[in-house]
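One structure below.
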Amino acid sequence: MSEDKTFRKTHDAISTPTVPEALPTPEGFALMDPRDQLKALLAEMLAGKAFSELYTVTLDHRATVLLGHLLIDTLEEQGFGVDDFDAVGALTPAAMPLVCAMMQAAASRGEDLDGFIMDFVFPAVKGPSIAGKRVLLLDAWLSEKSYIQTSSLVTLRNGNELGLDFGIVEAQGAQVVAVAALVGGVDMEKPVIDVVNPVSDERHELPFIEVFHESELREIADGVEPNNA
């Protein structure tokens with residue numbers, strides 16, 4: 001984390017988002033703020049669904065150009081610049097489009113960022129070596145409903161407790177600096193996650209950064225006709 005805790009945004013400033021009464025027309029969409037564009041796409045996808053892996057949005061050509069920069073900008077707002085971590089790791093396959101988007105956005109800013117994916121079935125890290133690196137762990141949607149898309153090893157419990165075998169990362173000689181998600185679905189008194197190693201019961205308290213909270217998306221989705229795609 002940057003020692004001065006100052007905001008060091010490297011992308012165009014993003015205004016405080018508003019909640020539109022309805023989803024915009026294609027013409028209106030093009031005129032929206034980038035964060036509101038992504039919010040509208042997520043809300044449309046979420047309508048009528050309790051949970052989603054978000055692929056409908058994260059692999060949409062309209063969202064791809066937004067995701068990486070919005071993730072990096074949100075991290076910077078919380079005091080984490082791209083130079084505060086060396087690699088970003090997908091907690092689940094659903095986060096891989098986000099990892100790729102962050103790598104490309106970082107490259108466009110002149111920063112080097114590696115990516116990798118966590119494999120909990122055969123405990124391993126897939127991708128370039130993370131030995132000696134500072135890493136950010138990322139998921140598409142991290143909430144108490146995450147078990148629908150992945151194993152219970154990557155599920156928030158008891159408000160903000162994440163069961164995760166840190167031995168997978170630590171065995172590679174890497175340091176986890178924070179956990180992030182495009183959508184967060186748990187109300188927390190403070191934005192941290194208590195990470196628990198299910199084998200050793202060892203605990204790590206890590207910052208948690210979310211781009212959107214589920215509740216702000218539901219405000220829009222509740223008024224949208226469900227899309228079953």
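The distance from atom CG of Leu67 to atom OG1 of Thr58, rounded to the nearest 0.5 Å, is 7.0 Å. If you take CG on Leu142 and CD1 on Ile193, they are separated by 5.0 Å, rounding to the nearest 0.5 Å. Atoms CG and CD, on Leu46 and Glu214 in that order, are 6.5 Å from each other to the nearest 0.5 Å. Here Thr92 contributes atom OG1 and Asp139 contributes atom CG; the two are 3.5 Å apart, rounded to the nearest 0.5 Å. Going from atom CG of Leu41 over to atom CG of Leu66 covers 7.5 Å, rounded to the nearest 0.5 Å. Once rounded to the nearest 0.5 Å, the distance linking CG of Leu136 with CE of Met102 reads 5.5 Å.
Counting heavy atoms from C-beta outward, Phe116 and Leu137 have side chains that approach closer than 4.5 Å. Glu53 places none of its side-chain heavy atoms less than 4.5 Å from the side chain of Trp141. Taking 4.5 Å as the limit, every side-chain heavy atom of Pro34 sits out of range of all side-chain heavy atoms of His69. Between Leu206 and Val192 there is no side-chain heavy-atom pair separated by less than 4.5 Å. Side chains of Val82 and Asp112 form no contact here, defined as non-hydrogen atoms less than 4.5 Å apart. Taking the side chain as every heavy atom from C-beta outward, Lys39 and Leu217 approach each other to under 4.5 Å. Counting only heavy atoms from C-beta outward, the side chains of Met118 and Lys126 never approach each other to under 4.5 Å. Side-chain contact between Leu138 and Leu91 is absent, with no heavy-atom pair separated by less than 4.5 Å.
Using a 4.0 Å cut-off between a side-chain N of Lys or Arg and a carboxylate O of Asp or Glu, Arg35 and Glu216 qualify as a salt bridge. Between Asp114 and Arg134, no side-chain nitrogen of the basic residue sits less than 4.0 Å from a carboxylate oxygen of the acidic one, so the salt-bridge criterion is not met. We find that Arg62 and Asp60 are joined by a salt bridge, their nearest charged nitrogen and carboxylate oxygen being less than 4.0 Å apart.
Taking each heavy atom of Glu210 and Thr74 in turn, the nearest pair found is O-CG2, 3.7 Å. Heavy atoms only, all atoms of each residue included: Ile168 and Ala124 are closest at CG2-O, 3.6 Å. Leu71 and Val211 make their closest contact through CD2-CG2, 3.5 Å (heavy atoms, listed as atom of the first residue, atom of the second, distance). Here the closest non-hydrogen pair linking Glu76 and Gly81 is CG-CA, 4.0 Å. Between Ala174 and Ile130 the shortest heavy-atom distance is CB-O, 3.3 Å. What you find for Ala95 and Ala140 is that their closest heavy atoms are CB-N, 4.0 Å.
Linking ILVMFWY side-chain heavy atoms closer than 4.5 Å, directly or via other members, places Leu98 and Tyr55 in two distinct hydrophobic clusters.
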Q: Assess whether side-chain contact (heavy atoms from CB on, under 4.5 Å) is satisfied between Asp119 and Val125, documenting all intermediate values.
A: CA-CA 6 Å; Asp119 186 346; Val125 171; over 6 Å; no
Q) Which is it for Asp73 and Arg109 under the salt bridge (charged side-chain N to carboxylate O under 4.0 Å, His left out) test, yes or no, and what are the steps along the way? A) CA-CA 12 Å; Asp73 286 346; Arg109 303 178 185 206; 3.1 Å; yes
